[in-house]
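Keep in mind the model is a prediction, meaning the values are calculated, not measured. Here, residue 1 is the first one in the sequence, and each next residue gets the next number. Both ligands and their constituent atoms are indexed starting at 1 by order of listing.
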Amino acid sequence: MCGIVGYVGFRKAAEVLLDGLRRVEYRGYDSAGLAVRTEKGLEIVKEVGKVSDLEQVARGRNLTGCQGIGHTRWATHGGVTVTNAHPHADGAGRFALVHNGIIENYLDLQEELHAKGVCFFSQTDTEVIVQLLAHLRAETDDMPTALTLLQQRLNGSFALAIIDAQEPECFYCVRRGSPLVLGLGVEECFCASDVSALLPYTKNVVYLEEGDTARVCTKGVEIWNECGEEVCRDVAIVDWDVSMSEKDGYPHYMLKEINEQGAVFRSTLKGRITEGRIDLSNDLDWDASKINSWKNVHIVACGTSYYASLVAQRALEQWTDCHIVVDVASEYRYRRMKADPSTLAVFVSQSGETADTLAAQRKARSEGAHCLAITNVRGSTLAREVHDVLLLKAGPEIGVAATKTFMGQMVALYLLALFLGEARRTLSAAEAKRLAEELLHLPYKVEIVLNRQDAIKEIARKYAEKRNFLYLGRGNTYPVALEGALKLKEISYIHAEAYAAGEMKHGPIALLEPDVPVLVIVPRNSLYEKTLSNIQEAKARHSAIIAVGTDGDALLPHHVEDILWIPWTDEEFVPFLAVVPLQLFAYHAAVLRGCEIDQPRNLAKSVTVE
Ligand code: M6R
């Protein structure tokens, strides 16, 4: 949940680190810090608040060195204070260290070090690591050996970047359970929690494996595995470019990312539909006997990725004969759910680094399931651990509230559902072709909704001051209602609850009163009349009704106050269109309320701890 960067080379390290920290700031943003090796030794600067606050302080210090590490924090152990911000140093000031993750046995280690006379200054688990390292380094011949021993003493998850005042040409990295990627430039090298921090400098990267330790120098990197044996890791070429992680004239990343959804849709489809047939042969090497061996499909995810999975559940149930189970990863990992070789287990994660999703995958895999990742990040931990990967191709998503990756996830999951249906012959070739053709039209329809932003903004203006909302949907729009309510909660801090419309009478109707608007997704589909009845029930309690309705529906305006219009599409595909006005509604309501859009309070983009 924190962002790490490291640099060694010919540039002014403080500038590279601040630039990198701005790019990984979405990972955590309550405090930030950096350590640079200058002629005076290790200079550490830390500040509570955003990277921009750190920049103010760092500018006054004129840090000249070309080697350093930086960190942006999302507090776990210890409050948000300058002392608790990273980097942390050992008592003698020889080592400075930044950490992403959690050390579960830090209290035991702290007690052990206390007994040896070590004083601690912060309330963090991280300070224990650097103090322990100082002890281990004093007892060993070299740093890689000390770091191998250090790993053996630590329980939990960690990505570490460390500088040693006595080694002017390099810094060190260690990775176990939290992401860390190395960037290889010419006469300079980098490390970062994710590639977006490296994009302005290099596209050549090395994804560290579990348990790896690296020495990062200007000329390149040396890597040791968890046993301390020197190893070679492949260099990968990143196919994102730096412009993809810029705001591009938009006031917020979130708005840019919402507006990219037509393009994301096309890019996730690209090369995967040939002559009206779903063709995943470039991604998945699955033959008929393998596909037919699966009786169960488990889809496991968190947050927005879970809601995309719930949408896909309906499609998979309709187009295949498999038994479909969808669960949140934090539940699935502790349930006695049988995931044997007759199970295709699909893990949906934008980042590919969500701790619960990773743990759920390891569980399913250990039980014999065939594991597929649907992720946006090539080289992520999830992508490297599963049997197969289906990439979203959405480009980097910087806004903490997921938008374009929800769209990409639904596209990838629908491709999978159609592919399985056709391969298992539960969906006729003609029907699969018709559905694939509508998929190809959908990006244009998404863009039609995006062109209606002014109308959506005006409706958001009417309701932005409300304190509570109820969101309702039925069938495949119920998960869209969940996602719409989550977006509103996350960025505007308005309380919103989402229910299956038919459930309203079973409890939530008690919440209704004139000041509680109800947002209902009511497309012209087979459940239209049923949802209209639910609207009547809410109206009878004097709630204002905002509907997501289908263009040309002449009846709807007689029943509701405001309508967010979407074009017609097949019932199966309504979620792709219905979610867009809900994202924009949440965005504009939050802007009107003066909220921080891209970095909402208390959140971090990747939840890399349990
Ligand atoms: O990277 P992941 O898709 O695994 O992340 C899952 C959730 O943490 C994420 O979707 C979260 O709910 C977002 N804040 C939603 O906007």
Original post:
Under 6.0 Å between ring centres, would you say that holds for Tyr471 and Phe585?
Top reply: no

Subject >> Option among Phe573, Phe576, Tyr414 that satisfies the ring pair (Phe, Tyr, Trp, His ring centres under 6.0 Å) test with Phe265 >> reply: Phe576

**OP:** Determine whether the side chains of Thr381 and Glu353 contain a donor N or O and an acceptor N or O closer than 3.5 Å.
**Re:** yes

Subject >> Residue shell around ligand 1, heavy atom under 4.0 angstrom >> reply: Cys302, Gly303, Thr304, Ser305, Ser349, Gln350, Ser351, Thr354, Val400, Ala401, Ala402, Lys487, Glu490

Original post:
Does the side chain of Ile278 reach to within under 4.5 Å of the side chain of Leu416, using non-hydrogen atoms?
Top reply: no

Original post:
Crowded around Arg378 CZ? As in, over 12 foreign heavy atoms under 6.0 Å?
Top reply: no

Original post:
Thr72 and Glu25: side-chain donor and acceptor closer than 3.5 Å?
Top reply: no

